[in-house]
Structures are given as structure tokens and as C-alpha cells.
Amino acid sequence: KLRLGVLLSGRGSNFLAIANNIRSGALPNVEIAIVLSNIADAPAIAAARQLNLPTKVHVSKGRPRAEHDRDMLATLRENNVDLVILAGYMRLLSPEFIHAFPTRILNIHPSLLPAFPGLDAQTQAFEYGVKIAGCTVHFVDEHLDHGVMILQRAIPVLDTDDAHSLAERILAEEHQAYSEAIARVASGQYEIDGRRYMKRV
Ligand code: GAR
């Protein structure tokens, strides 16, 4: 089984959706090796403990990125992680970290990239006035919310939406999209063509 290292900073609803899909058998080829947070009281860590999953916190506040990332890497290696899953991990990764897992780090972002990278993407999209919104799962490179895309899911912005309701409907898509992307990567049935394209083979 492919061993996942889940990195998060907060609520962890994407992590929980993945954990549920593993438990129900919808993701048969993967298991969660470790849940890792950079925030001490991330609600997701308590949720992971309740599921009897291994957890670890490396507090990032006030520490140089390279040094903190080295601790994170060491924990991932100790736990024999094959694939790193960023699930609301709200911190940039150092180049050293990214190069340690080449095309083995996935991120989910609540916009149709390359539009609206960064914080509060759903509010950015809503305030811009887009008519189609969505989420993206992608391999991670050195840039923020950037890298070869695995899949995207789109939803219409409704006239009745506000930023909150839009974010909720995007989140529902995220919960399906992330497991689908992980399954695709776990299957190994893909190739990355140059710097941009990921396609089925
Ligand atoms: C999700 O909406 C995720 O797409 C977003 O943070 C939220 C985490 O929620 N990530 C980013 O904005 C990355 N730039 P969760 O903790 O409930 O999964």
C-alpha cells in the first residue's frame, strides 16, 4: 500500500474525507502513515487521534522554514511515507522539502488554478465575480499553489451565493476530488509530460 503523510494546519475536513474513503474501501491501495501539523492545537490532530492514526506536531511559528521543514521531513521518513498530501497546510514548503519528494507531493486548492492562488481563494473568486468556481488538485512545485495539475472540479456560482455558501459548495467538491486524485496517482496509470501535462496512460 502507498503510505500517505498528511500535512495540515487546521480543520482537516479534507483529511477526514480521505480517511473515510480509506475506511470504506473506496481507496484500497493507500493507507495513512502519519498526520502531521505545524499548528499545535489544529482540530484535525484531535480528530486523527480519535481515529487512532499516528500524529505529530512540529510547531512552525518563529522557526526558520528550512529548519522546520527538516523536522517534518525526518518524521515523514521515519514513517516510510511514499506520498505527501497537503490538506490545508497553510505554509510554503522549502525547496529542500520539495526536492526530497519529487512529484510525490499533492495539494488541493479551492479555486480553478491558475486563478486565485493564496489565501481565501473562494472569497477572491466570489469578489472577482466569476461565474464558474471550483477546486484543483495538483503536484507541488516551488511556487505557491502551483505545479502540474491532476484534476479540477468546477461548479457554477449561483445568484443566491455569498462567499460563504460558495466556499461550502467548493469544499464538497474538494472532498471528492482529493480522493479521486489520490486514487489516480496511486494507480500509477499516468505520466507527466514536460512541465505541464499529467495524462492517463
Ligand atoms: C481547503 O479549502 C483547502 O482547499 C484550502 O484550505 C482548506 C482547508 O480545509 N487550502 C488552501 O487554500 C491552500 N492554498 P480543511 O482543513 O477542512 O481540509
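In this text, all values refer to a predicted model and were calculated from it rather than measured experimentally. Ligands are counted one by one from 1 in listed order, and the atoms in each one are counted from 1 as well. Worth knowing before you read on, the calculation uses all heavy atoms, side chains too, and leaves out hydrogens, waters and symmetry mates.
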Within residues 95-124 or reaching into it, pairs that qualify as ring-ring contact (aromatic ring centres under 6.0 Å, His included) - sequence neighbours excluded: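 Only Phe116-Tyr128 qualify under ring-ring contact (aromatic ring centres under 6.0 Å, His included).
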Counting only heavy atoms not in Gln50, do more than 12 fall under 6.0 Å of its CD?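 Result for CD/Gln50: open.
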Going by side chain to side chain donor-acceptor pair (under 3.5 Å), name the residues that satisfy it together with Asp69, two or more places apart in sequence or in a different chain.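 Scan of Asp69 (side chain to side chain donor-acceptor pair (under 3.5 Å), adjacent residues dropped) gives Ser94.
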Which other residues end up in the same hydrophobic cluster as Leu113, if Ile, Leu, Val, Met, Phe, Trp and Tyr are linked when side-chain heavy atoms come under 4.5 Å apart?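 Cluster partners of Leu113: Met149.
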Would you say the side chains of Arg153 and Gln176 form a donor-acceptor pair under 3.5 Å?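 The criterion, which ignores hydrogens and geometry beyond distance, is satisfied for Gln176 and Arg153.
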May I ask you to say whether Lys1 pairs ionically with Asp82, meaning some side-chain N is under 4.0 Å from a carboxylate O?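 Salt bridge between Lys1 and Asp82, a charged N being under 4.0 Å from a carboxylate O: no.
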What residues sit with at least one heavy atom under 4.0 Å from ligand 1?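 Those residues closer than 4.0 Å to ligand 1 by some heavy atom are Arg11, Gly12, Ser13, Asn14, Gly88, Met90, Ile108, His109, Pro110, Gln122, Asp145, Glu174.
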